[in-house]
Amino acid sequence: MKKLLTLLVGIILLTSCTDDSEFDNPTGIFIRVENASGVDFKDIFISSGSRGVEFGDLKAGKKSDFNEFENAYRYGFVRLMADRKELRLQPFDYVGETPLSNGYYTYKLKLDETDPENVRLRLEFFIVN
């Protein structure tokens with residue numbers, strides 16, 4: 001009976017562990033978006049060195065799923081709707097920038113509302129793994 005109980009506890013412990021192995025050896029460049037503002041974002045589109053990726057809509061304070069990019073940089077072109085206004089981040093170029101290596105990254109987007117007449121979009125870059 002003792003052996004059976006030990007075996008059962010062992011199985012429960014092994015099956016309850018989370019699997020973070022996807023972050024251990026990434027096979028591509030994966031980026032997610034975090035909406036760090038107090039308003040919902042709609043129609044999020046990001047292009048960072050390669051084809052653009054549609055992220056869709058994202059509620060205030062939430063993170064999207066990861067999307068794979070062919071190649072990317074610490075920043076990129078961003079277009080979205082916030083409070084019925086289209087906002088954009090338009091990089092000049094990527095001269096001197098190093099492309100991201102395989103891994104998981106977050107583009108944290110927030111609104112700079114210091115000038116209510118001229119709300120601007122800000123991007124912060126974070127490495128997940």
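The structure displayed is predicted, hence computed values, not measured ones. Keep in mind that the numbers below use all heavy atoms, side chains included, and drop hydrogens, waters and symmetry copies.
Note: E68 CD to S50 OG = 10.0 Å, rounded to the nearest 0.5 Å. Residue E124 holds its CD atom at 3.5 Å from NZ of K110, rounded to the nearest 0.5 Å. The CZ atom of R122 lies 14.0 Å from the NZ atom of K108; values are rounded to the nearest 0.5 Å. For the atom pair CZ of F55 and CG of L80, the computed distance is 11.5 Å after rounding to the nearest 0.5 Å.
In this structure, the side chains of I29 and Y105 come closer than 4.5 Å at one or more pairs of heavy atoms. In this structure the side chain of V78 never reaches within 4.5 angstrom of the side chain of V33, judged on heavy atoms. Between D40 and K59 there is a side-chain heavy-atom pair separated by less than 4.5 Å. Two residues are said to be in side-chain contact when any heavy atoms from C-beta on lie closer than 4.5 Å; N71 and L100 fail this criterion. Residues Y107 and F125 form a side-chain contact, since some pair of their non-hydrogen atoms from C-beta on lies under 4.5 Å apart.
Judged by distance alone, the side chain of D83 and the main-chain N or O of K85 form no donor-acceptor pair under 3.5 Å. Checking side-chain atoms of D112 against main-chain N and O of R120 turns up no donor-acceptor pair under 3.5 Å. Of the possible donor and acceptor atoms, one in the side chain of N35 sits under 3.5 Å from a partner among the backbone N and O of L58.
Across all their heavy atoms, G103 and P26 have their closest contact at CA-CG, 3.6 Å. Taking both residues in full, the closest heavy atoms of S37 and A60 are given as O-CB, 3.4 Å, listed atom of the first, atom of the second, then distance. Closest heavy-atom contact between L121 and F41: CD1-CZ, 4.4 Å. Contact detail for V39 and A82: the closest heavy-atom pair is CG2-CB, 4.1 Å. Between I31 and F69, the shortest heavy-atom distance links the atoms CB-CE1, 3.7 Å. In this structure, L89 and L123 approach most closely via the heavy-atom pair CD1-CB, 3.6 Å.
Between E86 and R88, at least one side-chain N (NZ, or NE/NH1/NH2) sits under 4.0 Å from a carboxylate O, which counts as a salt bridge.
A perpendicular orientation is assigned to the rings of Y104 and F66, their planes being inclined by more than 60° (bins at 30° and 60°).
In this model, a donor atom of one side chain and an acceptor atom of the other lie less than 3.5 Å apart for R32 and T106. Side chains of Y73 and T98: no donor on one and acceptor on the other come within 3.5 Å.
No single ILVMFWY cluster, assembled from side-chain heavy atoms under 4.5 Å apart, contains both M81 and I46.
Environment of CG in D65: sparse, with no more than 12 heavy atoms of neighbouring residues, nucleotides or ligands closer than 6.0 Å.
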